[in-house]
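Input: a single structure, listed below in structure tokens.
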Amino acid sequence: IYAAKEIASNRIALINTIEKPLNNKRTGVEVFGGSEFIWEEYFSTSKNSFNQEAIEYSILIKLRNQENYIYETTGLIQK
């Protein structure tokens, strides 16, 4: 699970910097610690508590060839 958490942290950093979301979904593959992980990102627009537009994200991670996700995280980023 540690590797999946690190992959999610890296994805969040990229979402906040150079890989701004353009679609509602992205997927990819990451090799980490000798294992191959599949990550999925889902995005939707929402309003935060200050009525400002924000992008809500959800990141799901699983090992390749596995059906169950081993890590999930959600959050908001300002538009």
Side-chain angles (χ1 to χ4, degrees):
I1 293 179
Y2 172 78
K5 186 175 181 179
E6 287 299 310
I7 292 167
S9 293
N10 291 342
R11 296 303 312 155
I12 292 167
L14 290 169
I15 290 168
N16 280 295
T17 55
I18 61 175
E19 289 188 16
K20 299 290 185 187
L22 301 175
N23 300 314
N24 292 333
K25 179 182 177 183
R26 290 194 291 213
T27 61
V29 177
E30 184 80 27
V31 177
F32 193 98
S35 297
E36 199 167 1
F37 295 86
I38 306 294
W39 54 264
E40 298 176 10
E41 297 172 343
Y42 297 92
F43 305 100
S44 62
T45 302
S46 64
K47 298 272 186 178
N48 66 17
S49 58
F50 301 106
N51 205 31
Q52 299 170 319
E53 277 201 3
I55 297 172
E56 188 172 352
Y57 66 84
S58 176
I59 301 172
L60 300 147
I61 299 175
K62 64 183 178 179
L63 286 164
R64 183 179 275 292
N65 300 322
Q66 298 291 316
E67 291 186 27
N68 296 326
Y69 294 97
I70 59 173
Y71 189 79
E72 177 180 9
T73 188
T74 59
L76 290 171
I77 57 171
Q78 295 300 314
K79 268 189 142 181

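Values below: all heavy atoms of this structure, side chains included; hydrogens, waters and symmetry mates excluded. All values reported here derive from a predicted model rather than from experimental measurement.
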Determine, step by step, whether N24 and S44 satisfy the side chain to side chain contact (heavy atoms under 4.5 Å, CB included) criterion, reporting the C-alpha distance in whole Å, the side-chain angles of both residues, the deciding distance to 0.1 Å, and the verdict.
-> CA-CA 6 Å; N24 292 333; S44 62; 5.9 Å; no
Self-check item: Intermediate values then yes/no, side chain to side chain contact (heavy atoms under 4.5 Å, CB included), Y69 and E40
Solution: CA-CA 10 Å; Y69 294 97; E40 298 176 10; 2.9 Å; yes
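- Under the rule for a side-chain hydrogen bond (donor to acceptor under 3.5 Å, both in side chains), E56 has no partner lying at least two apart in sequence or in another chain.
- Pairing each heavy atom of A54 with each of Q78, the nearest pair is CB-NE2, 4.3 Å.
- Here OG of S46 is found 8.5 Å from CD of E53. Values are rounded to the nearest 0.5 Å.
- Taking Ile, Leu, Val, Met, Phe, Trp and Tyr as members and joining any whose side-chain heavy atoms lie under 4.5 Å apart, directly or through other members, the hydrophobic cluster of I59 also contains I1, I7, I12, I15, F32, F37, W39, F43, I55, Y57, I61, L63, I70, Y71, I77.
- For the side chain to side chain donor-acceptor pair (under 3.5 Å) condition, the pairs that include at least one residue of residues 2-12, sequence neighbours left out, are R11-E19, R11-E41.
- Summarising the geometry, atom CD1 belonging to I38 is positioned 7.0 Å from atom NZ belonging to K62; distances are rounded to the nearest 0.5 Å.
- Between V29 and R64, some side-chain heavy-atom pair lies under the 4.5 Å cut-off.
- As a member of the Ile/Leu/Val/Met/Phe/Trp/Tyr network built from side-chain separations under 4.5 Å, L22 groups with nothing else and remains a singleton.
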